[in-house]
Structure formats: structure tokens, C-alpha cells
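Structure in C-alpha cells, see below.
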Amino acid sequence: MATPDFIRAVRATAGHQLLFLPGVTAVVLDDAERVLLARRVDNGRWSLIGGIPEPGEQPAVTAVREVYEETAVECVVERVVLVETLPAITYPNGDRCQFMDTCFRCRAVGGDARVNDDESLEVGWFPLDALPPLRPGELFRIKQALTDGPTWFSTTAD
């Protein structure tokens, strides 16, 4: 995910110290129950669509915006899938972040999936039984998105 300008401004004074940031992830499904994925430029891995809300932006609005910006797919948010604090990460430049991720199940309502920005190498729809290799957390998000259960959240401290 590209670094938003407001984060760059914070980094100018905060340096590489750990920043606790909001993040969103979108599990986008189409009418055939395929999942929308993008292969990321930064690490070459297939991934769910996600990003950081702009100051004052509602998380659900962020999910819809990020999906369109990255894939040209128009979607609507159906429900919150999970809320989770992710492990802290250190980027190659030394910046440290920890994200509070809100994951949404979204439904595609228009547009044709394609690379729509400089963050992805490829974009595509994948049947649930033919997903490319994904990280365990992304597989868990997809599994939770396919249920109609309550929003998942961790009850343990890491």
C-alpha cells in the first residue's frame, strides 16, 4: 500500500518510531462468489485489497475507495467481518507500524477488474476453491466473510 501524504508528514518528525494506525481490508465477492485479489508490487504476493483511511474518512468509505482505486471495481459494504490489532511490522526503510484492521465483506456492483494504480501487478477474480497462495490472516478473513456470523474479534492479548 502506498504511504499517504499525512503519514509522510508525521514521519518527517516521528522518524521510524512505531505508529499505531487504522487500516481496512475488503473481502470483495462477486455474484459467482469469487474473491477479488491483487498481486502487490512491493512483495509480489496476492492479497486482499486494503488501505489506510484519510483523516476524517469513515472506514467503510475507505474500503470502497481503496477497492476502486486499486482495481476499478465498484463495490458496496455489506458488513464488518472482523476487527483486529495486527502484529507490528518493520518496513525495509525502517519505518515501524501496527495496524488496527477493520475488515469488511463487500459486494461488487460494477466495473471490470483491472490494475488501476501503481500498487498492483495484477488483479483478478478467484473461485474459492482455486485461490492463489495467501497469508493465513487473509484466508481467515475470507472464511469469516463467507459466514453470516457476528463480527469476529480477538479476546486475548498478544
What closest approach, in Å, do Leu128 and Leu146 show between heavy atoms, and which atom pair accounts for it?
->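 Looking at all heavy atoms of both residues, the shortest contact is CD1-CD1, 3.6 Å.
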Can you tell me how far CD of Glu84 sits from OG1 of Thr151, rounded to the nearest 0.5 angstrom?
->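 One finds 13.0 Å between OG1 of Thr151 and CD of Glu84.
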Does any donor atom in the side chain of Ser47 or Glu138 lie under 3.5 Å from an acceptor atom in the other side chain?
->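 Side-chain D/A pair, Ser47 to Glu138: present.
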Do side-chain atoms of Glu57 reach the backbone of Glu54 as a donor and acceptor pair under 3.5 angstrom?
->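 Yes, the answer is positive, given that a donor and an acceptor are paired below the 3.5 Å cut-off.
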Could Glu70 and Arg65 be called an ion pair, given the rule that one side-chain N must be under 4.0 Å from one carboxylate O?
->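 Looking at Arg65 together with Glu70, the answer is no, because their closest N to O distance does not fall below 4.0 Å.
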Whether Arg40 side chain and Gly44 backbone form a donor-acceptor pair below 3.5 Å =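 It does not hold such a pair.
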Given side chains that start at C-beta, do those of Val77 and Val64 come closer than 4.5 Å, heavy atoms only?
->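 In short, these two side chains touch, coming nearer than 4.5 Å.
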Closest heavy-atom pair and its distance - Thr147, Arg79 =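 Nearest pair, atom of Thr147 first, then Arg79: O-NH2, 2.8 Å.
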Asp112/Arg114 salt bridge by N-O under 4.0 Å criterion =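 No, this pair does not count.
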Does Glu66 reach the main-chain N or O of Ala63 with its side chain, forming a donor-acceptor pair under 3.5 Å?
->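 Not at all, since once roles are kept as given, no pair shorter than 3.5 Å links the two residues.
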Verify the distance criterion only: is there a donor paired with an acceptor across the side chains of Asp101 and Thr25 at less than 3.5 Å?
->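 There is such a pair (donor and acceptor under 3.5 Å, judged by atom type) between the side chains of Asp101 and Thr25.
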Please round to the nearest 0.5 Å and tell me the distance separating atom CG of Leu82 and atom CZ of Arg141.
->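 Rounded to the nearest 0.5 Å, the CG-CZ separation comes out at 4.5 Å.
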Are any of the side-chain nitrogens in Arg107 or Glu33 under 4.0 Å away from the carboxylate oxygens of its partner?
->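 Here Arg107 pairs with Glu33 in a salt bridge, since their nearest N and O are under 4.0 Å apart.
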Should the pair Arg34-Asp129 be classified as a salt bridge under the 4.0 Å nitrogen-to-oxygen rule?
->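 Judged by the 4.0 Å cut-off on N to carboxylate O distance, Arg34 and Asp129 do not form a salt bridge.
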